**Student:** 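Once you've had a glance at the structure underneath, I'll fire off some questions.
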Protein chains: 2
Amino acid sequence: MAKVLLNQDQLQAVAKLFELLAEPSRLDILQNLKKKPLSVGQIVDATNAKQSNISKQLGILHDAGLLKRERQGNLIFYSIADPMIFDLCALVCGKLRKDAQSQLAIVQSLAK
Amino acid sequence: MAKVLLNQDQLQAVAKLFELLAEPSRLDILQNLKKKPLSVGQIVDATNAKQSNISKQLGILHDAGLLKRERQGNLIFYSIADPMIFDLCALVCGKLRKDAQSQLAIVQSLAK
DNA sequence: ACATAATATTGCTAATTAGTAATATTGTCA
DNA sequence: TGACAATATTACTAATTAGCAATATTATGT
């Protein structure tokens, strides 16, 4: 079990992946794609963002390898390339929920 | 098991946490704090960043609740508030490693 | 070929922020 | 108290980027 720290390049790679998930509009796209692949138009309808921005964010996620792209006639369907990202999001959601509960407990104890 | 999607506020909260981890200098601080608490000066020495920037990033991580702070005389020691972040980083590192291995396999098969 | 629908791209603006040098604050010790 | 060491803050610059309107591209059906 080595105790070696990540070097600068590795840190940058990790940071870059987190950066992709650090944008609400991209997270929204990802959570909408969780169940099944969707076309660009369906994603635009599901979120409340403009088509041009959705297209841009889809491009970013695709270039980074987080999404797969498949043309079907006139439509282009995007899908999750690596479900691991949902594990990441689940961890974060779990932490936020736990923190919120701790806060609630504190507030409740003060209100007694 | 509800299938409800996160709303805008929740997405923003998740994004904000990812944002904290989306910076190499902050990741470097966190990985150095993994073993044990360190003073600001020790962190400056361990990384190769300026004192003012380390102090700034420590403040950001502390304000966000990811780090705890404790004064000991002249020194201020920072420590990890929630080890969960290492689970996050481990997931990301695992993915990057797996992706790199896939790439390697492709290159090797082409080189035959 | 043409009209139309779906998606991508371009050019732009406004906002955010990492990093830095300089300076301020806070605590220790003599 | 004064000098010094550790940390924080301030003011600034340069770089990045989300969102948008307008336009370009690509595919379909007639």
Side-chain angles (χ1 to χ4, degrees), chain A residues 6 8-9 11-33 36-79, chain B residues 6 8-9 11-33 36-79:
Chain A
L6 301 184
Q8 292 302 117
D9 285 348
L11 288 173
Q12 195 149 5
V14 174
K16 200 169 174 180
L17 214 160
F18 280 128
E19 179 72 49
L20 291 168
L21 304 175
E23 185 58 41
S25 61
R26 284 195 288 268
L27 290 175
D28 203 5
I29 290 173
L30 292 172
Q31 74 171 349
N32 275 285
L33 288 176
K36 63 177 196 294
L38 295 175
S39 70
V40 178
Q42 288 174 318
I43 298 172
V44 171
D45 292 343
T47 65
N48 43 11
K50 304 292 179 197
Q51 178 269 325
S52 62
N53 196 37
I54 291 293
S55 200
K56 182 191 202 170
Q57 304 307 331
L58 286 171
I60 290 172
L61 291 169
H62 178 261
D63 289 351
L66 291 193
L67 293 184
K68 285 184 289 190
R69 176 153 53 192
E70 189 191 0
R71 170 151 241 147
Q72 279 185 26
N74 220 4
L75 306 178
I76 297 190
F77 282 82
Y78 283 89
S79 58
Chain B
L6 300 183
Q8 291 302 117
D9 283 349
L11 287 173
Q12 194 148 7
V14 174
K16 199 168 176 180
L17 213 160
F18 280 128
E19 178 72 47
L20 290 167
L21 304 175
E23 185 58 39
S25 60
R26 283 194 288 267
L27 290 175
D28 203 5
I29 290 174
L30 292 172
Q31 74 172 348
N32 275 285
L33 289 176
K36 62 178 195 295
L38 295 176
S39 70
V40 178
Q42 289 174 319
I43 299 171
V44 171
D45 291 344
T47 65
N48 42 12
K50 304 292 180 199
Q51 178 267 327
S52 61
N53 196 37
I54 291 293
S55 199
K56 182 190 201 171
Q57 303 308 330
L58 285 171
I60 291 172
L61 292 170
H62 178 261
D63 289 350
L66 292 193
L67 292 185
K68 285 183 289 189
R69 177 153 52 192
E70 188 192 0
R71 170 152 242 147
Q72 278 185 25
N74 221 2
L75 305 178
I76 297 189
F77 282 83
Y78 284 89
S79 58

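What you see is a predicted model, and the numbers here were worked out from it, not measured in a lab.
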**Student:** A:L27 and B:A15: which non-hydrogen atoms are nearest, and at how many Å?
**Tutor:** CD1-N, 3.6 Å
**Student:** Starting at the 5' end of DNA chain D and moving along, which residue's nearest nucleotide shows up first, A:N74 or B:S39?
**Tutor:**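 Nearer the 5' end of the strand: B:S39.
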**Student:** Of the options C:dA8, C:dG19, D:dT7, whose atoms approach the side-chain atoms of A:Q51 most closely?
**Tutor:**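 Among C:dA8, C:dG19, D:dT7, the one nearest the side chain of A:Q51 is C:dA8.
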**Student:** Are the side chains of A:Q31 and B:L11 in touch, meaning some heavy atoms are under 4.5 Å apart?
**Tutor:**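 With C-beta onward as the side chain, the pair touches.
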**Student:** Once you apply a heavy-atom cut-off of 4.0 Å, does A:I60 come out as touching a base, just sugar-phosphate, or nothing?
**Tutor:**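 Since only primed, P, OP1 and OP2 atoms lie under 4.0 Å of A:I60, the category is sugar-phosphate.
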**Student:** What's the NZ-P distance between B:K50 and C:dT17, to the nearest Å?
**Tutor:**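 The distance from NZ of B:K50 to P of C:dT17 comes to 23 Å, rounded to the nearest Å.
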**Student:** Which part of the nucleic acid, if any, lies within reach of A:Y78 when heavy atoms closer than 4.0 Å are counted: base, sugar-phosphate only, or nothing?
**Tutor:**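 It contacts sugar-phosphate atoms only.
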**Student:** So if I take every side-chain heavy atom of A:I76 and compare against C:dA8, D:dT9, C:dG27, which nucleotide ends up nearest?
**Tutor:** C:dA8
**Student:** What integer distance in Å separates A:E70:CD from C:dT7:P?
**Tutor:**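 From A:E70 CD to C:dT7 P: 13 Å.
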**Student:** Closest nucleotide of DNA chain D for A:R71 versus for A:Q57: which of these residues is on the 5' side?
**Tutor:** A:Q57
**Student:** DNA chain C: A:N53 or A:L75, which has the more 5' nearest nucleotide?
**Tutor:** A:L75
**Student:** Rounded to the nearest angstrom, tell me the gap between atom CD1 in A:I54 and atom P in D:dC20.
**Tutor:**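 Rounding to the nearest Å, CD1 of A:I54 and P of D:dC20 are 10 Å apart.
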**Student:** Can you name the nearest heavy-atom pair linking B:D28 to A:Q8, along with the distance?
**Tutor:**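 For B:D28 versus A:Q8, the nearest heavy atoms are OD2-OE1, 3.5 Å.
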**Student:** How close or far is atom P of C:dA6 from atom CZ of A:R69, stated in whole angstroms?
**Tutor:**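 Rounded to the whole Å, the gap is 18 Å.
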**Student:** OP1 or OP2 of C:dA18 versus the side-chain N and O atoms of B:R26: is any pair under 4.0 Å?
**Tutor:** yes
**Student:** Quick check for you: among C:dA18, D:dT26, C:dT7, whose closest atom lies nearest to any side-chain atom of B:E23?
**Tutor:** C:dA18
**Student:** OP1 or OP2 of C:dG19 sitting under 4.0 Å from any side-chain N/O of B:S25?
**Tutor:** yes
**Student:** Any donor-acceptor pair, under 3.5 Å, between the side chain of B:K56 and the base of C:dA18, if you only look at N and O atoms?
**Tutor:** yes
**Student:** What is the distance, rounded to the nearest whole Å, between atom CG of B:L58 and atom P of D:dT9?
**Tutor:**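 Atom CG in B:L58 sits about 11 Å away from atom P in D:dT9.
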